[in-house]
Amino acid sequence: MPIKVRYFASLQDAMGKHEEILNLDEGASTTVSAVWARVRGEDVPLARLLCAVNMEYASPDAPVRDGDEVAFFPPVTGG
């Protein structure tokens, strides 16, 4: 089950890439937080990031399905 994972702003530097394709087990159900744990590891919390699935903001427990695009954004501040 391929999904595209995209990283924006400072996350591109942190990850060393702007996107990647993950192949998850066929028929497996997963969530945005599980995708983050897979790409970044369990020790890096998702709590401060914004997430989207197929270009719509999503919560960490949002489901991810075959062919979806998951995006992660750092928080934005202004001044």
Side-chain angles (χ1 to χ4, degrees):
M1 155 171 139
I3 62 168
K4 180 187 282 186
V5 183
R6 301 185 71 194
Y7 309 104
F8 289 88
S10 61
L11 286 177
Q12 290 182 6
D13 293 333
M15 301 302 288
K17 54 191 149 196
H18 69 280
E19 67 181 42
E20 64 184 307
I21 301 294
L22 285 185
N23 284 303
L24 305 177
D25 294 336
E26 284 295 323
S29 62
T30 193
T31 63
V32 170
S33 62
V35 170
W36 180 251
R38 179 159 171 185
V39 297
R40 194 59 185 186
E42 298 286 344
D43 58 334
V44 180
L46 177 61
R48 298 192 61 167
L49 299 180
L50 297 173
C51 314
V53 175
N54 298 326
M55 295 189 268
E56 302 235 354
Y57 286 115
S59 66
D61 62 346
V64 176
R65 296 181 178 84
D66 187 13
D68 281 351
E69 178 183 282
V70 179
F72 296 101
F73 309 83
V76 177
T77 60

Asks: Nearest 0.5 Å, what's the CE-OG1 distance between Met1 and Thr30?
Replies: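 The CE atom of Met1 sits 6.0 Å away from the OG1 atom of Thr30.
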
Asks: Taking atom CG of Leu49 and atom OG of Ser33, what is their separation to the nearest 0.5 Å?
Replies: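 Spacing of CG (Leu49) from OG (Ser33) equals 12.0 Å.
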
Asks: Verify side chain to side chain contact (heavy atoms under 4.5 Å, CB included) between Phe72 and Leu50, making sure each step is shown before the conclusion.
Replies: CA-CA 6 Å; Phe72 296 101; Leu50 297 173; over 6 Å; no

Asks: Within this structure, what is the OG1-CG distance for the pair Thr31 and Asp61, rounded to the nearest 0.5 Å?
Replies: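 The OG1 atom of Thr31 sits 7.0 Å away from the CG atom of Asp61.
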
Asks: If I take atom NE2 from residue His18 and atom CZ from residue Arg6, how far apart are they, to the nearest 0.5 angstrom?
Replies: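 Separation between the atoms: 6.5 Å.
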
Asks: Working to the nearest 0.5 angstrom, can you tell me the gap between Phe8 CZ and Phe73 CZ?
Replies: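 Those atoms lie 4.5 Å apart.
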
Asks: Under 3.5 Å, is there a donor-acceptor pair between the side chain of Asn54 and the main chain of Glu69?
Replies: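 Looks like yes, one N/O pair under 3.5 Å.
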
Asks: So which atom in Ala14 and which in Arg40 form the shortest heavy-atom distance, rounded to 0.1 Å?
Replies: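 Closest approach of Ala14 to Arg40: O-NH1, 3.4 Å.
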
Asks: Checking the side chain of Gln12 only, and the main-chain atoms of Tyr7 only, is there a donor and an acceptor separated by less than 3.5 Å?
Replies: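 Yes, the answer is positive, given that a donor and an acceptor are paired below the 3.5 Å cut-off.
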
Asks: Take atom CG in Asp25; do more than 12 heavy atoms of anything else shown fall under 6.0 Å from it?
Replies: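 It does not: Asp25 CG has 12 such atoms or fewer within range.
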
Asks: Tell me, do Ile3 and Ile21 make a side-chain contact under 4.5 Å, heavy atoms counted?
Replies: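 No; the side chains remain at least 4.5 Å from each other.
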
Asks: Drop me the distance from Glu20's CD to Met15's CE, to the nearest 0.5 angstrom.
Replies: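 If we round to the nearest 0.5 Å, Glu20:CD and Met15:CE are 5.5 Å apart.
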
Asks: Is any side-chain heavy atom of Val5 less than 4.5 Å from a side-chain heavy atom of Val35?
Replies: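 Heavy-atom side-chain distance check passes, below 4.5 Å.
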
Asks: Ignoring hydrogens and geometry, is there a side-chain-to-backbone donor-acceptor pair from Asp13 to Ser10 under 3.5 Å?
Replies: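 Absent.
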
Asks: Less than 4.5 Å apart, any side-chain heavy atom of Val70 and any of Trp36?
Replies: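 Val70 vs Trp36: side chains apart.
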
Asks: How close do Pro2 and Asp66 get, counting heavy atoms only, and between which atoms?
Replies: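 Scanning both residues completely, I find the closest heavy atoms to be CD-OD1, 3.2 Å.
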
